[in-house]
2 protein chains.
Amino acid sequence: MTTLSDVASAVGVSVSAVSRVLNDAPGTRVSEETRQRILETARQMDYRPNHSARSLRLQRTAVLACVLPDLTNALFSELVEGAEDAARERGYTLLLSRAEGMHDLDDTLARLLGEGRVDGAIVQMPDGLEPESLDSLVHDALPVVFLHAAHPRRTGSVMLDDAAAARTATDHLLALGHERIAFVGGLAGSPSARRREEGFREAMAQAGHAVDEKLVTRFGYRISDADSALAVLAEAQPRPTALVVANMNAGMAALGAARRMKWSVPEDLSVVAVHDAWPAAMTWPPLTTVRMPLRSLGRAAVECLIERLQVGTAADRLLSNESPQLIRRASTSAIEG
Amino acid sequence: MTTLSDVASAVGVSVSAVSRVLNDAPGTRVSEETRQRILETARQMDYRPNHSARSLRLQRTAVLACVLPDLTNALFSELVEGAEDAARERGYTLLLSRAEGMHDLDDTLARLLGEGRVDGAIVQMPDGLEPESLDSLVHDALPVVFLHAAHPRRTGSVMLDDAAAARTATDHLLALGHERIAFVGGLAGSPSARRREEGFREAMAQAGHAVDEKLVTRFGYRISDADSALAVLAEAQPRPTALVVANMNAGMAALGAARRMKWSVPEDLSVVAVHDAWPAAMTWPPLTTVRMPLRSLGRAAVECLIERLQVGTAADRLLSNESPQLIRRASTSAIEG
DNA sequence: GGAGTGGGTCCGCTTGCTTAT
DNA sequence: GATAAGCAAGCGGACCCACTC
């Protein structure tokens, strides 16, 4: 590895001269000729600043972490791309990490933040855990921005307009003539799941339809949760004619569960889910979804985090300027279609 | 951030004593009492070694990178878990990174390896690129292990038994009575795709069936590639009755393409794909697959890389002790079923 | 002379201050 | 007094080499 002093001795100048030229430091006084020789030599020797040394000296790494419960979830693809783009533009590198449970998250944040590997972190809590439970780690104003959920005693979180998305989904079913609509929700503890349920209720209320509480389930987003949900809904009398599922993966699972129960989609049951990614087009029937601005969410998270790093604090952000957008596929149809 | 010297002055000993005790350095001579006081104080003060400082001093980071073309591909889930497990056991941290194209990869490796952010990297080349094209970066024995493809002039790669997987898939179709079997392959440049095609040909030859070259396509694994492949296959006279698809995602896409072409699966066309992950169970009909030991591949990659780091060189590995396993779902059926 | 400590250097880089034209 | 440089400290930790009973 080529170091600054390798370059310096090759050119025949001091280390500081090389450092200043390569960093284009303000107020650098170096003759144009020396400057060119330094730049040229550094290029020839393929000099690259050592990240550890620079971080140690500057007390900052220019690295941000993005800690997610499951990296292979297709929904994270856009989110991460948005975050990476924003980070790059601001001179940061994004580091991806996975933390499935609370223990993992605790551990991961301790390693990343505690050992000074990164300057800050964007965190999506694993399903079923609430930001409050992270209290031990958050007590001393750690530079952390939460995705989808605000921490009760800390600022710095970015959220989507979940209520609007659920309203869009529900309105779509209402427009198709459905009235007996079920809501397949996330776990009761999840803030975003709660917001989606509220949006569902608002849309129903606005249309003048009562919500049958037997048609509201909160099992979560795993594949097996869909079986539980559909089993409950099949017991209802009369059965619902349509489902708003709070999450795309859960929506895909719901299609599978319905098929196992010989419940035809969309003939006997229309299904629409919140969130969109390519797998939704691969199911049968292709799943109608509501697209959320995940790329923007990723960008906003990075910007919020950097603001927090620079100013010391950052306001919570609710992304409501891009409306959730209905992606009509084949899993929904008019009630008498 | 608590530093070594904070702990040292709190205990009233020297920095070196604290360092030795906390690292459990060999030959450390510290009284049991001092040792306990140091450990206790460090715990109380929540001391964590600064990663940059330690890396700078030791000239190693204890971090390995895993660079993949698309992190949200469900196939990478198990791979990454296996790699993370192995890394953790050996005292390393795994860092995940995405590199879609050659330029990205070049850039990423320069940042990771060149700036000393990681000690080594596991790399899966983006589709359509071959290891040879990485020559510029690999010239000076960079500590890199390739997934799925060997570099012609360097050791250090881990591969699955792709031929065996394709044979298993093909044998399944043959056992169901199919004879006119098509192969939907990856790009011609991909080594693993080539090995799968060979496996297909071997199985066909062994069964005494000629391969109709019109039934072999090599468009790649993207969704749109499946449309191209199926369009070609639909032209063949007579049409094939079954498909071996070289990749699970491509297999899912093939189901979609077949449906758009009104080609019923499995009645008129059986489909089996290489690789297995949960989305395969969500398609309609659920996709029959051949499961590969991806978790072991991840482990092997890390072990290979660490060996390379310690010994300076490491042999290529072909994982052939765990046989590819057929996961029978509903997309394949007997020819006259 | 071994058991228990502390001092000091260096890893590569940035930057305030100094020096020599 | 500008202009063009160099010196040296120190970020936090590891480890060799003292030093003292």
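Just so you know, these numbers come straight off a predicted model, no measurement behind them. Residue numbers begin at 1 in each chain, while the letters A, B, ... track the order of the sequences.
Every residue meeting the salt bridge (charged side-chain N to carboxylate O under 4.0 Å, His left out) condition with A:Arg222, not counting sequence neighbours, appears here in chain and number order: A:Asp225. Legend: residues meeting salt bridge (charged side-chain N to carboxylate O under 4.0 Å, His left out) with B:Glu115, ordered by chain and number and at least two apart, are B:Arg117. Partners of B:Asp85 under the salt bridge (charged side-chain N to carboxylate O under 4.0 Å, His left out) rule, at least two apart in sequence or in another chain, are B:Arg88. In this structure B:Asp127 satisfies the side-chain hydrogen bond (donor to acceptor under 3.5 Å, both in side chains) test with no other residue, sequence neighbours excluded. With sequence neighbours excluded, no residue forms a side-chain hydrogen bond (donor to acceptor under 3.5 Å, both in side chains) with A:Asp104. Considering only residues two or more places apart in sequence or on other chains, B:Gln310 meets the side-chain hydrogen bond (donor to acceptor under 3.5 Å, both in side chains) condition with none of them. Here B:Thr2 pairs with B:Asp6, B:Val7, B:Met45, B:Tyr47 under the side chain to side chain contact (heavy atoms under 4.5 Å, CB included) rule; sequence neighbours left out. With sequence neighbours excluded, the residues that form a salt bridge (charged side-chain N to carboxylate O under 4.0 Å, His left out) with B:Asp46 are B:Arg48. With sequence neighbours left out, A:Asn321 forms a side-chain hydrogen bond (donor to acceptor under 3.5 Å, both in side chains) with no residue at all.
Within residues 17-24 of chain A, the residues that place at least one heavy atom under 4.0 Å from DNA chain C are, in residue-number order, A:Ser19, A:Arg20, A:Asn23. Of all the residues in residues 29-38 of chain A, A:Arg29, A:Val30, A:Ser31, A:Thr34 reach under 4.0 Å from DNA chain D with at least one non-hydrogen atom.
Under the 4.5 Å side-chain criterion, counting only non-hydrogen atoms from C-beta, A:Leu109 is not in contact with A:Leu142. At a threshold of 4.5 Å between non-hydrogen side-chain atoms, the residues A:Leu71 and B:Val80 do not count as touching.
Closest-nucleotide positions on DNA chain D for A:Gly12 and B:Ser5 were compared, and the one nearer the 5' end corresponds to A:Gly12.
Separating the CZ atom of A:Arg54 from the C1' atom of D:dG12 is a distance of 18 Å, rounded to the nearest angstrom. Rounded to whole Å, the distance from CD on B:Glu115 to P on C:dC13 is 11 Å. Going from atom CG of A:Asn50 over to atom C1' of C:dC13 covers 8 Å, rounded to whole Å.
The phosphate of C:dG12 has neither OP1 nor OP2 within less than 4.0 Å of any side-chain N or O from A:Tyr47.
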Atom pairs, N/O to N/O, protein against nucleotides 8-11 of chain C, distance under 3.5 Å?
{"unit_1": "C:dC11", "atom_1": "O2", "unit_2": "B:Arg57", "atom_2": "N", "d": "3.4"}

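If you check every strand for non-hydrogen atoms under 4.0 Å, B:Arg48 touches sugar and phosphate atoms only.
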